[in-house]
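Please read these numbers as outputs of a predicted model, since none were measured by experiment. Just so you know, these numbers use all the heavy atoms, side chains as well, and skip hydrogens, waters and symmetry mates. Just so it is clear: chains get the letters A, B, ... in the order the sequence lines come, proteins before strands, and each one is counted from 1.
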Amino acid sequence: MASTWSKIAAVGVAVIGLGAVTAWALTKPEPHPESFWANAGTPDLAHGEQLFWAGGCASCHAATGAEGDALKVMSGGRALPSPFGTFHIPNISPDPNVGIGGWTLAQFGNAMTRGVGPNGEHLYPSFPYGSYVRMSPKDIGDLFAYLKTLPASSNVARPHELGFPFNIRMAVGGWKLLYFSEAPRVELASADEKIRRGQYLVEGPGHCGECHTPRNALGGFESGKWLAGGPNPEGEGKVPGITPSGPIGSWSEADIVNYLETGFTPEYDSAGGAMVEVQKNMAHLPKSDLEAIAAYLKAVPAL
Amino acid sequence: MKIRMTAITTAALCLGLAAAAVAQDNPVAKREQMMKQVGASVGALGAIAKGEKPYDAEAVKAALTTISTDMKVFPDNFPAGSEVNSAAAPAIWDNMDDFKAKSMKLASDADTLLASMPADQAGVQQAVQTLGANCGTCHQTYRLKR
């Protein structure tokens, strides 16, 4: 009898062990190998700066209220409220000790596109690698080189303040298993080059969907609601939908371009909330990119 | 036909008066109307800036005057508790002094422009930029989409 029980117990332990191994295998951090990043080529700093603005780096990583040149000091320190707790934005200035000055391109690229930190740990998806995963190694290399040219800051950001179970980094592996994918957000039947460029900017570096797509209780995008708008993930109010059936449905592509350039709607209302900073970032992009974004927003499913 | 038109006109007039009456008692309606007026004024300047309308000194003056007049009294229409069913962010009441200062900043920018009237399309373009910078700065913190 005792031996039967011990056999059952042994099997039980084995099952649990196997489960743990499987769970680990399914949810462990998965960076690209060093070699993946070896062919990024010679960095193009001017293009890196465009990606800096397209990616909205300054809107989180610059100090609160920063304007002008201060927007290029990636000191971190801003608080990003969320339903899971408060994230404190890290320093990504070139400081070798508290910034990313000591990082390799592989470390930076794996943070950007795999959500894996420099020590192989999962990063929280409040850092929008779920969007940046679509960026090409060349673009990652250009951006990394540009960030290295910015002023160093010695600011040390506070650790995140998250409730249980979100404070367990391992749990991010489960989130990734459910929601992390580099697949296109929408399949566009007849996408010309301009629309595909817009898709890259909106779904990738621009990470527009991170606010403009509603999320479920686990922080994943609700399926079939790409860019449909929803509650403001950072607090009060809501974020408008930006598909052809949202409030910008009546805008022409030129209206969308003008809004991203100037912050004015066709009725001369202005951008508000977090979009104010986003618009100022987007105003740095070449007009052809803004036109591509507008074309893509006209091509996505109306929701 | 004529009677019908008169009836419609009268009805429209009554509705208009009713709306105006509501706007006078209701701070939310009043401040939203001011924002619409300011938006329309910036729009009038924007049309000139973009070359959609020819430069017109009277129109520029009227637009700047409306902006200045409205923005000087705009923050008076935010009594405690009036964020309900409006786009006003609760942050307004936490930072009333800053909110008032931002409103006054737009009014004084308009006054400065009135003092040295933009004389041509290029001047109006500059004016729209100066005035427009105020919109986002304030809406970033103090307006909510609901």
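The shortest non-hydrogen separation linking Ser270(A) to Gly136(B) is OG-N, 3.8 Å. Across every non-hydrogen atom of Gly43(B) and Tyr268(A), the tightest pair is CA-CD1, 3.2 Å.
In this structure, chain A has no heavy atom under 4.5 Å from any part of Ala91(B). The parts of Glu236(A) that come within reach of chain B are both its backbone and its side chain, each placing non-hydrogen atoms under 4.5 angstrom from that chain.
Per-residue heavy-atom pair counts under 4.5 Å with chain A were compared for Ala87(B), Ser41(B), Gly39(B), and the maximum is reached by Gly39(B). Highest contact tally toward chain A, considering only Lys36(B), Met35(B), Lys50(B), is held by Lys50(B) [criterion: heavy-atom pairs under 4.5 Å]. Considering only heavy-atom pairs separated by less than 4.5 Å from chain B, the leading option among Gly263(A), Ala271(A), Ala274(A) is Ala271(A). Chain B forms the most heavy-atom pairs under 4.5 Å with one residue out of Pro231(A), Pro266(A), Pro240(A), Gly237(A), and that residue is Gly237(A).
The number of heavy-atom neighbours closer than 6.0 Å to CD of Glu67(A), taken from other residues, nucleotides and ligands shown, is 12 or below. Environment of CG in Asp69(A): sparse, with no more than 12 heavy atoms of neighbouring residues, nucleotides or ligands closer than 6.0 Å. No more than 12 heavy atoms of other residues, nucleotides or ligands shown are found within 6.0 angstrom of NZ on Lys53(B). Around atom CG of Asp120(B), more than 12 heavy atoms belonging to other residues, nucleotides or ligands sit under 6.0 Å away.
Separating the CZ atom in Arg143(B) from the CG atom in Asp269(A) is a distance of 4.5 Å, to the nearest 0.5 Å. Atom NZ of Lys280(A) and atom OG1 of Thr137(B) lie 5.0 Å apart (nearest 0.5 Å).
A 4.5 Å side-chain heavy-atom check between Thr262(A) and Gln129(B) finds every atom pair outside the cut-off.
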